[in-house]
Each structure stands twice: as structure tokens, then as C-alpha cells.
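Quick caveat: nothing in here was measured; it's all calculated off a predicted structure. Throughout, numbering of the chain's residues begins at 1 and tracks the sequence.
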Amino acid sequence: MDPQNSIRDIVPCSLCRFSMAPLHCKICVLRLQCSDCAENSIRELTNDHEEQQSVRRRRFLFCSFCNEHDIRCRAPFVKHFEISHDLKMLNIKRDLRELENYILPKYQNLTASIPVQDIGLNNIFKKLTTTLNKQGENLHRKVDSVKRKSDLDEIHSNCLSILEKRKVEIEHNITDISLSIAYLKKLLESGDFIPTKNYKSRNSDFRKKLHPEVKLILPEFITEELDREQIYHQFTSLFELSFRTKETSGAESSPTGRPLMEEPLTITSLNIIKHRSSSGGSLIDVACVGDENIWIAGEDMWFHMMLYTLQGELLKSVQTMSGYKPVGIAVTKDGELVYADGDDRTVNIVKKNTQIQTVIILEGWTPANVCITSSGYLLVVMYSDDGEQSKVSRYNGSTELQSFQYDDEGQPLYSSESCLKYICENRNLDICVSDDETAAGTVVVVNQAGKLRFKYSGSSRTTKGSFRPFGITTDSQGRILVADFKNHCVHVLDQDGQFLCLIDNYDLFEPRGLCVDTRDNLIVAENKPCRVKKIQYCI
């Protein structure tokens with residue numbers, strides 16, 4: 001509050017509400033103004049009321065006008081009130097002048113500047129519809145091109161040829177067998193010595209050619225579930241159309257819709273102390289459930305995963321099935337917890353009744369982290385058991401749909417070390433991975449098809465020590481937020497990897513897990529302090 005535009009030291013009368021209260025009741029703290037009010041109040045109320053000079057209640061007499069904040073102020077209260085009233089009147093006049101001469105005309109200009117584009121609007125959307133239909137026809141043609149009817153005809157012809165060949169072989173053998181039977185009968189009837197002596201059996205040859213009955217396995221068409229994201233990507237350019245504000249002098253505009261704050265605010269700080277084990281404990285990851293609750297994953301804690309309110313109330317606690325810490329957690333649209341377990345190489349869902357269902361069992365690979373896509377698929381970042389490879393796989397339930405491992409030049413996208421990795425999907429469907437490689441940490445971003453878009457290895461302007469990326473998340477504006485564990489800060493990038501700012505002056509220590517709620521508030525899980533902070537960083 002502006003001390004020159006306020007008068008906190010004037011105590012209003014609780015009865016008339018118009019003047020100062022030089023007296024007050026010590027028992028009920030009733031404020032009085034004049035002798036008439038005092039006499040009437042004391043007469044109407046009980047005799048237990050005591051009057052004393054309000055100057056003895058120091059907390060009501062802090063003088064904000066003279067800035068002494070003490071009862072030593074000798075300036076008359078009435079004079080203070082008159083001066084403050086004059087200042088208020090000046091402020092009112094200033095606000096009125098600004099509204100009439102600046103703000104209202106600006107709004108009127110904005111209204112006049114909105115173009116009425118109904119002329120030709122139908123033609124524009126007809127063209128868009130035609131383009132959309134052509135794209136659909138292109139997809140139909142591509143589908144028709146892979147139907148492979150000619151291949152089916154060839155397979156059919158081959159099947160008939162195989163059957164015919166088999167039939168000829170069998171008929172030839174039947175003829176040979178019939179001739180052998182007639183010859184043997186003739187030998188038995190004649191009893192000739194020489195032919196009988198020279199006879200050699202052909203039964204073994206016939207037995208070798210006696211194959212089991214040929215059963216033709218007919219071709220079968222097995223349908224695969226269409227990848228909605230791949231189809232949606234063909235039409236993304238249409239749905240990404242948006243309104244943009246034009247910058248005008250004297251007014252700020254934001255191309256992202258929610259600009260970053262110059263000074264972010266810490267809204268909540270939650271200490272997870274009572275659930276630590278005797279060894280101290282640390283936080284691994286955090287995931288939002290709406291705007292009020294969070295799941296946290298811990299190491300060396302009494303419970304591996306706990307659901308908290310942001311007021312500090314423990315709602316639920318869960319142990320992993322393996323008995324070891326999870327390596328990462330995420331939350332589905334239905335509010336169910338998903339966790340990756342590096343010990344038994346599984347990805348699991350914790351139902352709302354805390355029953356655990358195993359979704360993915362990996363063989364030869366160990367999960368490093370997991371996230372949920374906007375389409376409900378699972379993205380799992382993992383490393384091979386031999387420590388030589390790392391990759392990201394997309395799953396629909398337990399079915400692997402895609403795998404990303406190498407760039408266009410055949411180089412690995414991710415470090416092969418079994419180091420910490422966090423993963424998330426951006427609003428443009430990019431896949432963002434923080435790769436805390438021992439030598440130099442890197443953020444790797446690929447598009448939904450697995451093509452490398454960019455890598456980010458920190459900024460020399462802002463990072464004092466080596467870049468150690470841990471938790472990673474994105475907001476509604478497509479900005480990428482990365483926890484820098486060693487430098488105790490959070491890097492903010494745009495969706496193309498350009499550095500925007502740091503969140504580094506809010507007593508952060510070893511930030512590890514990150515997530516954002518529906519209002520783009522940042523939730524940070526700090527490692528050893530076992531502390532969760534909620535920070536507002538954009539407007």
C-alpha cells in the first residue's frame with residue numbers, strides 16, 4: 001500500500017463510521033468517536049466496558065503519513081485525513097483522465113481495426129474444404145496403392161501351381177506303385193528263379209516320397225489399429241490456424257498468449273519430512289493431478305509414491321510391486337498413476353483403488369522413464385541391458401507402435417549410458433527427452449515421427465557449472481521447461497529450442513522432477529530437501 005495514498009493510522013468509529021476513534025473499549029475492542037457515541041454505547045452496553053485512550057493501543061496508531069510509525073507522531077489526525085483525501089482525489093482525477101484520453105480510445109481503435117472479412121469468406125473456406133478433400137483423396141489413393149491386389153492374384157496363382165505340381169507328383173508315384181504291384185504278382189505266379197533272385201525292393205523309395213497330406217495355409221489379412229496421431233499429422237496445418245495480435249505502440253502483446261513474468265512468484269512450498277526414512281530420503285519425480293493434488297515419487301522413503309494436496313495433506317501412498325524405487329511417474333487423463341520400474345523392467349498403472357496392473361514388460365531393455373501422450377499412448381525411454389543403446393518407444397497398451405533410436409545420419413539420438421532420463425510430449429507432438437549424460441547433459445527433441453528437430457546443451461550466458469538436465473515438462477504455450485540439477489535452476493525454452501529465461505532466484509536446490517498444472521503453474525520437486533514448490537512464472 002502506498003503510504004502517501006493511505007491513512008492506516010486513522011481508526012474509524014465502529015458506530016458512526018465517519019470520524020476518528022480516540023477511545024475504544026478495552027474488553028470488546030469497540031471503537032468510539034465522540035463523547036456522545038461513547039456515552040451512548042457505555043450506557044447501552046454492560047458496565048464491564050472500560051475506556052482507555054486509544055493511544056495506548058499502539059498497533060492502531062502506526063502513522064503512515066509521517067513515516068515515523070510510532071506514537072511520537074504529533075501531526076493531527078484530521079490534518080492527515082485531509083491531506084490523504086486530497087491525494088485520493090488527485091488519483092481519481094488522474095485515473096479518469098487516463099481512461100478518457102488514452103485507454104478508452106485505444107479500445108475503440110482496436111474495435112475499429114478488427115476487419116470484417118465476410119466478403120469472400122465463403123470462397124476462402126470452399127478452397128480450404130477442397131484442399132482438405134484432396135488431402136483425403138490422396139490418403140485414399142495411398143491406401144489403395146498398398147492394398148496389393150496384384151500380389152493377392154500372384155499368391156492365388158502360386159497356390160494353384162503348388163497344388164497342381166503336388167497332384168502330378170502323387171499321380172506319377174501312384175502309376176509307379178501300380179506297375180510294381182503288377183510285377184510282383186507276376187513274379188509270384190511264375191516262380192522264375194532268375195527274376196526272383198535279381199529282385200530289388202522299391203518300397204523304401206515309395207515310403208520316402210510318401211509325404212503327409214498337404215494342407216494349404218491360406219493367406220489372412222490381419223488389421224492393425226490405425227495410428228490416429230499419424231493421420232492427424234496430415235491435417236495439422238489446418239488446425240494450427242490461430243488469431244495473432246498485432247503489436248501497437250504503448251501496449252504490450254504476446255505471440256504466445258501467456259507471456260513470461262519478469263519476477264515469478266512462489267505460491268506454495270511443501271516439505272515432505274514425515275515420510276522420509278531414517279536415511280533421509282530424496283524426491284525423484286512429480287506429476288500433477290488437476291490443480292490441487294500431486295503425486296510424488298521418492299527414494300529411501302517410507303513409501304515409494306504418495307498423493308498429496310498442495311496444502312500438505314497425504315491422501316494416498318503406494319509401494320511398487322518390486323519393492324524398489326520407481327524411475328519415473330506420470331498421470332493419465334483419468335487421474336491414474338503410471339510408473340516405470342527399473343528393477344523388474346516394467347511399466348505399471350496404479351488404479352484408483354491402489355491396485356497395480358502391469359502394462360509393459362521389457363526384455364533386454366530397462367525403462368528409464370515414462371510419460372503419457374495427448375492421445376493416451378505411453379512413451380517409454382529405455383536403455384539396453386548391455387549399456388550400449390538407448391531409445392524411445394511408443395506403446396498402445398502393451399503393443400509397441402514406434403521406436404526412435406537414430407538420427408538421419410545413423411547416429412544415436414540418446415546417450416547409451418544408463419543415466420537419468422526424463423521424457424514428455426509437447427503440444428505440437430514433439431517428444432522431449434532430458435539426457436543427463438555424465439560428460440555433458442543434453443535435451444533431445446524429435447518430432448512425432450522420430451526425426452531430430454534440435455538438441456539443447458545449456459546456455460553459456462546463464463549456466464555457471466555443467467548443464468545437468470533432469471526433470472522436463474511443457475506448458476500450454478509449447479514452452480519447454482528443464483530442471484538443471486547442478487545449477488539449481490529451471491531453463492525455459494521455446495518449442496524450437498531457443499533459450500528464453502531462467503527460473504533461478506527462488507531458493508531452488510537440486511530441482512529434479514517437474515510438471516505444470518492446467519493453469520501453467522510450475523511444480524518443482526527438489527531432491528534432498530524433499531520439498532515441492534509451486535511457482536507462477538507466466539501471466
Revision key, fill the gap. Result for side-chain contact (heavy atoms from CB on, under 4.5 Å) between Phe470 and one of Asp285, Asp484, Leu514, Asp436 points to Asp436
Review point. Is Phe467 close to Val482 at the side-chain level, that is, under 4.5 Å between some pair of heavy atoms?
Key: yes
Point to revise | Under 3.5 Å donor-acceptor, Asn428 side chain and Gly478 backbone | key: no
Point to revise | Pairing of Glu336 and Lys352 as salt bridge, 4.0 angstrom limit | key: no
**Study point:** Between CD1 on residue Ile523 and SG on residue Cys515, distance to nearest 0.5 Å
**Key:** 5.5 Å
Review point. Does any donor atom in the side chain of Thr309 or Asn293 lie under 3.5 Å from an acceptor atom in the other side chain?
Key: no
Check your understanding: Does a side-chain heavy-atom distance below 4.5 Å link Glu425 with Leu429?
Key -> yes
Review point. Charged N to carboxylate O under 4.0 angstrom, Lys528 versus Glu510?
Key: no
Review point. Does any donor atom in the side chain of His304 or Tyr339 lie under 3.5 Å from an acceptor atom in the other side chain?
Key: no
Practice item. Take Tyr414 and Val446 through the side-chain contact (heavy atoms from CB on, under 4.5 Å) test and state the conclusion after the steps. Key: CA-CA 11 Å; Tyr414 314 106; Val446 301; 4.2 Å; yes
**Study point:** Spacing of OG belonging to Ser282 relative to NZ belonging to Lys325, to within rounding of 0.5 Å
**Key:** 7.0 Å
Check your understanding: Judged by atom type as modelled, is there a donor-acceptor pair below 3.5 Å linking the side chain of Ser161 to the main-chain atoms of Ser157?
Key -> no
**Study point:** Distance in Å, Leu184 CG paired with Glu189 CD, rounded so as to fall on 0.5 Å steps
**Key:** 11.5 Å
Review point. Are any of the side-chain heavy atoms of Leu522 and Val516 separated by less than 4.5 Å?
Key: yes
**Study point:** Any side-chain donor near an acceptor of the partner, Asp386 and Ser384, under 3.5 Å
**Key:** yes
Point to revise | Point-to-point distance, once rounded to the nearest 0.5 Å, from NZ of Lys451 to CG of Asp407 | key: 9.0 Å
Review point. Mind checking whether Tyr537 and Leu260 have side chains closer than 4.5 Å, heavy atoms only?
Key: yes
Exercise for review: Before giving the answer on side-chain contact (heavy atoms from CB on, under 4.5 Å), spell out for Val359 and Tyr395 the whole-Å C-alpha distance, their side-chain angles and the decisive distance to 0.1 Å.
Suggested key: CA-CA 10 Å; Val359 180; Tyr395 287 86; over 6 Å; no
Practice item. Could you tell me whether the side chain of Val380 reaches within less than 4.5 Å of the side chain of Val392, counting heavy atoms only? Key: no
Review point. Quick one: does Arg512's side chain get under 4.5 Å of Leu420's, heavy atoms only?
Key: yes
Point to revise | Any donor-acceptor N/O pair, Thr473 side chain to Leu481 backbone, under 3.5 Å | key: no
**Study point:** Contacts of Ser317 that satisfy side-chain contact (heavy atoms from CB on, under 4.5 Å) - sequence neighbours left out
**Key:** Phe303, Met306
Check your understanding: Taking everything shown except Ile170 itself, do over 12 heavy atoms lie less than 6.0 Å from its CD1?
Key -> yes
Exercise for review: Any chance you could lay out the side-chain contact (heavy atoms from CB on, under 4.5 Å) test for Arg345 and Asp385, step after step, and finish with the verdict?
Suggested key: CA-CA 10 Å; Arg345 304 177 186 178; Asp385 290 349; 2.8 Å; yes
Review point. Where the side chain of Ser201 meets the backbone of Asn203, is there a donor-acceptor pair that is under 3.5 Å apart?
Key: yes
Exercise for review: Check whether any side-chain N or O of Asp291 sits under 3.5 Å from a backbone N or O of Thr518 as a donor-acceptor pair, and report yes or no.
Suggested key: yes
Check your understanding: Quick one: CD1 on Ile356 to OG1 on Thr320, what's the gap to the nearest 0.5 Å?
Key -> 7.0 Å
Review point. Mind checking what makes side chain to side chain donor-acceptor pair (under 3.5 Å) contact with Thr354, not counting sequence neighbours?
Key: none
Review point. Do Thr346 and Asp341 have a side chain donor and acceptor closer than 3.5 Å?
Key: no
Practice item. Say whether, by atom type as modelled, one donor and one acceptor occur between the side chain of Asp435 and the main chain of Ser415 under 3.5 angstrom. Key: yes
Check your understanding: Under 3.5 Å, is there a donor-acceptor pair between the side chain of Asp192 and the main chain of Ile194?
Key -> no
Check your understanding: Taking it one step at a time, do Tyr377 and Thr399 satisfy side-chain contact (heavy atoms from CB on, under 4.5 Å)?
Key -> CA-CA 10 Å; Tyr377 294 144; Thr399 303; over 6 Å; no
Practice item. Answer yes or no: does atom OH of Tyr324 have more than 12 heavy-atom neighbours from other residues, nucleotides or ligands under 6.0 Å? Key: no
Check your understanding: Out of curiosity, His491 NE2 to Leu500 CG, how far, rounded to the nearest 0.5 Å?
Key -> 12.0 Å
Review point. Are Arg258 and Arg479 side-chain neighbours, meaning at least one heavy-atom pair lies under 4.5 Å?
Key: yes
Check your understanding: Does the side chain of Leu452 reach to within under 4.5 Å of the side chain of Asp408, using non-hydrogen atoms?
Key -> no
Review point. Would you say the side-chain atoms of Arg453 pair up with the backbone N or O of Gln495, donor to acceptor, closer than 3.5 Å?
Key: yes
Check your understanding: Any donor and acceptor pair, going by atom type alone, linking the side chain of Asn487 with main-chain N or O of Cys489 inside 3.5 Å?
Key -> no
Check your understanding: Does Arg394 reach the main-chain N or O of Gln448 with its side chain, forming a donor-acceptor pair under 3.5 Å?
Key -> yes
